[in-house]
Each structure stands twice: as C-alpha cells, then as structure tokens.
Amino acid sequence: MSSTAPAAVAAPKKARAAKKATPSKDAAPKAKRGESQRYKYSELNKASLTSGEAQHIYGVIIDATFPYKTNQDRYICSLKIVDPSLYIKSQKGTGDSSDFATVVLYAKRFEDLPIITRLGDIIRVHRATLRLYNGQRQFNANIFYNSSWAVFPQEGAGHGGASHSGKNYSFEKSEDATLANIRKWAQGYFQQYNVVSSDLYVPLAKAAGQKSDFDVVAKVNQVFELDEYTNELRLRDGSGAQTWNVLALKLKFPNVHAGDVVRIRSATYDETSTQKKVLLLSHYSNILTVPANSKLAKEVKAKAGDEKLDKAAINGVNATVLTEVDKKHAGLPVHSLLDLFHNIETDKEIQSKDTFRTQFYVTKIESADVKEWTKSYDKKTKKGASFKGQKGNANAIYQVQFLVKDVSTQFNSNTYKVLLYTHDGLGANFFNTPADNLYTNDKAAKKLQEYSGLLTKFNSWVDAVVERRNGFYFIKDTKIAF
DNA sequence: TTTTGGGG
C-alpha cells in the first residue's frame, strides 16, 4: 500500500508523440505555434470563479486525508493546499489563522490517488475545476475522467522524486522554475508561520471532551512495536501531563519515526480505554509528518518535554522503574531494543543518531560476582584487572554487562547486552557510589548486592540513556533512584 | 469516460 513508484518521466516531446497513438489524459491542449508552455498555472486565489474552465494549479500541502472509499466505486483524497496568493487569513483582514484552498480528488481506484505522508510536499493538479464550497475555494479533479496529479517532495531538487497519477506524466522545462519557486516559498512559510494554525487542531488535554472527530498536532515520543503489523505511537503535545496512544499500522504509516512532530487528520477519543489515553483512527484518517525544521515542529518539540515513563504502558501497573535519566535528555524519544539492535541496520533515521533513550528489564548481570563489577583500569592497555587480592582502589571503574530484554524482543530467543563501562566517565553515577575495590569496601559491595537483586527482580525496569560506540551501547546520564 | 462528495 504505497504510492505509485515514479515511472520514468516522459519528456514533453515523447508525450506529444504518444498522444497520436493513444490519447493520454495528461496530454496537452493544442499549443499555439511558437508557444513552449502548454500549461498555464493559476494562483489559487486568482483563478476565475465564474469560469467553468479547468485550472492547472500548484500548491503546498498542509493537510490530507488518506485515500478512502465512499460508495460502490468512488475513492477520494481531500487536501488543504496553500500558495503565495492564499495562505493566511490576515490577507483578508480576518486574523492570523491558516487560510487555504481544498482539493478533492475523485478516482475509481485506490491506487489512482496520492498517499500524502508529509506536510510541505507540493502537489500539481491538471484540469481541476474551481467552485466555492462552504465559503472555501475548492478545486475538484476527476482522476477517472481527465484530471491528473503529481506530488513532488519538499526536500530535493527537480521532479525526479515525483509520484503521479497515470502511467506517464509531463513535466515541462519551464516548470523547473515554478517548482523551485514554490518549494522555496514553502520553506520560508514553514519557518515563519505555524502553517497549521491552532484553530485547525485540538490540544490533547482537551481531546476527551470532544463530541466528534478532531485533529491533533503532537510529538511522537516513541514508536512502540506492539506486534509484527502494528505500532503504537506515544504522543505528547505539552498540553497535559499524560501521554496519549494511537495505533498505527506499519504498512499504512511506514514513515513515522520517534522524535517526529505529526499532524493527525481526524481522530476520536476512545471512551472505552480506562488504563491509558487512546485516540482512535478511521480509514480516512492520516498521520502527516511536520517538517523537522519548521516553526511548528520546533514549538511542539519544546512543549512536549520529557517522557514520563508510563508503567502501565510498558508492562502492567505493577512494574517498578528503578532508574531516572538526566534532565538534559528531556524529550529524547524512546527507542525499543528492536530499534537499537535490529532496525538500526536498515533505518537511516536511527543510524544518524548515537544517543538513545531505551527501557528494558535485566535478565542477568555479568559478572555474577558483585565484587568483580569493578576493575582497576589500565589506560595504556585499555584493560581492567580484578581487585582480588589487591590493596587500594587505583583507577577503579565499573565494568558490568547487563543482559536485557523488552516487549519488542520478548518473543525472540536473543538477549541483548547493554554495558556499564565507566572508563571514559559514561555512567559513572549509575550506582550512586564511586567505583571502589569491592574486596575491601564491604559497605559498597553490600549496597551493590542489593541493587543486583533489585535489577533482576521480576517486573523491574530500567529507563536509561545509552550511547552507541563501535556497535555497543553504553549507559550514561542515568542513575538508580532507589 | 464525469457532475461525484466535499470534515469522509
């Protein structure tokens, strides 16, 4: 269920040749002699209202439904778009909220409609007819008749990354500038304005009071893998203390990542959920990524703040969380062990980072002998030697390996290693007591023995920040809070 | 080849 893979782009010349053999719906109206531009694009706010003439338009997408089925044989994708002529209501002297035109694409097949995954992407529509619907400019396009669409990613140059309706589509040389211009304008617009103004969504704190469906703008603090097919997104927007949850099929929403700010088009409050706050989606609901460098994404990230580890969410209400992470990692999204040890091999988003927050339980600690948790570290050979039989505590460091699991990995047979190696200072405060010779410091050894019991106790969890070095994960900025 | 449904 993905958008059509971009086919080779037909050059205008080729498209013209093809028209003779098989009429293409995207073929041009007859060009006048000497006129190189076949499509003249209308500004969203200038296109004539009285004329029934079809319009060709470019717009920046600020909202979209997922393509959905209506009756027997109609599929619809409804979008909100803006351009330099139509983007904010103050242009009409009515405040700073978003202004936009809507686009309604009609098709007979699901695959003839675009799947929009990001705000800020550019859509081009050929042969859309304009009308006024509920006071909004609405461009209607029948893909099953003679209209066509193409979607260009906001990131990138040219039209190479386009998806489009139909087997072929045309892209004229003169459109390079049109596309580049609207991309540039969109970037500035997303940096200076919130784009999705507050009247277009509901703070999570008010979600429970909504009578009908509503939209949300929130940060994805965690993508939690419930099973092979389903992610549960943990959402925060800073409007309340609680984290909200929404189920998102991996196949339907493959591009949502922890740390993203998203706009959810159409959610309802799940009144039946008592343990945690849940949003429900419909078949027409969509999850759209807000550009990371936009004003809106930055504001929401700042407000969403720290993830409160949700005991009920990780393993039932009886779970105990033994640790706390440093405040400076407030807002760091949580990654599962599956992400850290498996998905990192293929996921560029994860590969690009080296500090993660993760939550696990400890199945075993090595060494089993607490007295061997500390070593005397030789900086030259980079090796730790046992304190057994030694006096003093020269160059004492912790060298402890935790064998860990979490919900995402509980059904496979692997265990995963997370290291507390403090030779570079990482994780030095984890046990709240400096590394020492545990053969001579009985008090510290006794305390660590207690921690050992706590860490491996059933339903005890560790909420940790880890740093990836040479493929290993080292605990840092985390300490036991008991 | 169409007049749809559109916040569904």
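For clarity, every value in this text was computed on a predicted model and none was experimentally measured. Labels below follow one simple rule: chain letters A, B, ... track the order of the sequence lines, proteins then strands, and each chain is numbered from 1.
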Quiz item: Looking at the side chain of A:Tyr145, which of B:dT3, B:dG7, B:dT1 is the nearest nucleotide?
Solution: B:dT1
Quiz item: Could you state the CG-C1' distance from A:Asn146 to B:dT4, rounded to the nearest angstrom?
Solution: 14 Å
Exercise. Kindly determine whether A:Lys295 and A:Glu299 satisfy salt bridge (Lys or Arg N to Asp or Glu O under 4.0 Å), including the steps that lead there.
Key: CA-CA 6 Å; A:Lys295 181 169 184 269; A:Glu299 280 184 15; 3.4 Å; yes
Self-check item: Sugar-phosphate only, base, or nothing, as touched by A:Asp73 at under 4.0 Å among non-hydrogen atoms
Solution: nothing
Quiz item: What is the distance, rounded to the nearest whole Å, between atom CG of A:Leu113 and atom P of B:dT4?
Solution: 17 Å
Quiz prompt | Under 3.5 Å donor-acceptor pair, A:Asp213 side-chain atoms to B:dG8 base atoms | solution = yes
Quiz item: With sugar-phosphate meaning primed atoms plus P, OP1 and OP2, does A:Lys80 contact a base, only sugar-phosphate, or nothing at under 4.0 Å between heavy atoms?
Solution: base
Exercise. Just compare B:dG6, B:dG8, B:dT4 and give me whichever is closest to any side-chain atom of A:Asn142.
Key: B:dT4
Self-check item: is_close_aromatic(A:Tyr473, A:Phe341), centroid dist under 6.0 Å
Solution: yes
Practice problem: Write down the distance between CD1 (A:Ile143) and P (B:dT4), rounded to a whole number of angstrom. | Solution: 17 Å
Quiz item: Are any of the side-chain heavy atoms of A:Ser148 and A:His126 separated by less than 4.5 Å?
Solution: yes
Quiz item: Tell me: CG of A:Asn286 to P of B:dG8, nearest whole Å?
Solution: 17 Å
Quiz prompt | Qualifying ring-ring contact (aromatic ring centres under 6.0 Å, His included) pairs, either residue in residues 227-248 of chain A, two or more places apart | solution = A:Trp244-A:Tyr269
Quiz item: Between atom NE2 in A:His283 and atom P in B:dG7, what is the gap in whole Å?
Solution: 13 Å
Quiz item: Taking atom types as modelled, is there a side-chain donor on A:Tyr39 or A:Glu175 under 3.5 Å from an acceptor on the other?
Solution: no
Quiz item: Looking at A:Phe139, does the NZ or CZ of A:Arg127 lie under 6.0 angstrom from its six-membered ring centre and within 45 degrees of the ring axis?
Solution: no
Practice problem: Would you indicate which nucleotide in B:dG8, B:dT2, B:dG6 comes nearest to any side-chain atom of A:Arg131? | Solution: B:dG6
Quiz item: Can you check whether A:Arg74 has a side-chain N or O nearer than 4.0 Å to OP1 or OP2 of B:dT3?
Solution: yes
Quiz item: Touch check for A:Ser266, heavy atoms < 4.0 angstrom, all strands: base, sugar-phosphate only, or nothing?
Solution: base
Quiz item: Sequence neighbours excluded, which residues qualify as side chain to side chain contact (heavy atoms under 4.5 Å, CB included) partners of A:Phe474?
Solution: A:Leu419, A:Tyr421, A:Leu426, A:Arg469, A:Phe472
Quiz item: In whole angstrom, what separates A:Leu130's CG from B:dT3's C1'?
Solution: 15 Å
Quiz prompt | Strand-adjacent residues in residues 194-206 of chain A, judged by heavy atoms under 4.0 Å from DNA chain B | solution = none
Exercise. Using a heavy-atom cut-off of under 4.0 Å over every strand shown, decide if A:Asp215 touches base, sugar-phosphate, or nothing.
Key: base
Practice problem: Respond yes when some side-chain nitrogen or oxygen of A:Tyr133 is under 4.0 Å from OP1 or OP2 of B:dT4, and no when none is. | Solution: no
Quiz item: Closest nucleotide of DNA chain B for A:Ala141 versus for A:Asp63: which of these residues is on the 5' side?
Solution: A:Ala141
Self-check item: Distance, rounded to the nearest Å, where A:Phe144 contributes CZ and B:dT3 contributes C1'
Solution: 8 Å
Quiz item: In whole angstroms, how far is the P atom of B:dT4 from the CG atom of A:Asp112?
Solution: 20 Å
Exercise. Could you work out which one of B:dG6, B:dT2, B:dG7 sits closest to the side chain of A:Arg263?
Key: B:dG7
Exercise. Answer whether the closest heavy-atom distance between the side chains of A:Leu233 and A:Asn245 falls below 4.5 Å.
Key: no
Quiz prompt | Residue-phosphate contact under 4.0 Å: A:Thr70 side-chain N/O, B:dT4 OP1/OP2 | solution = no
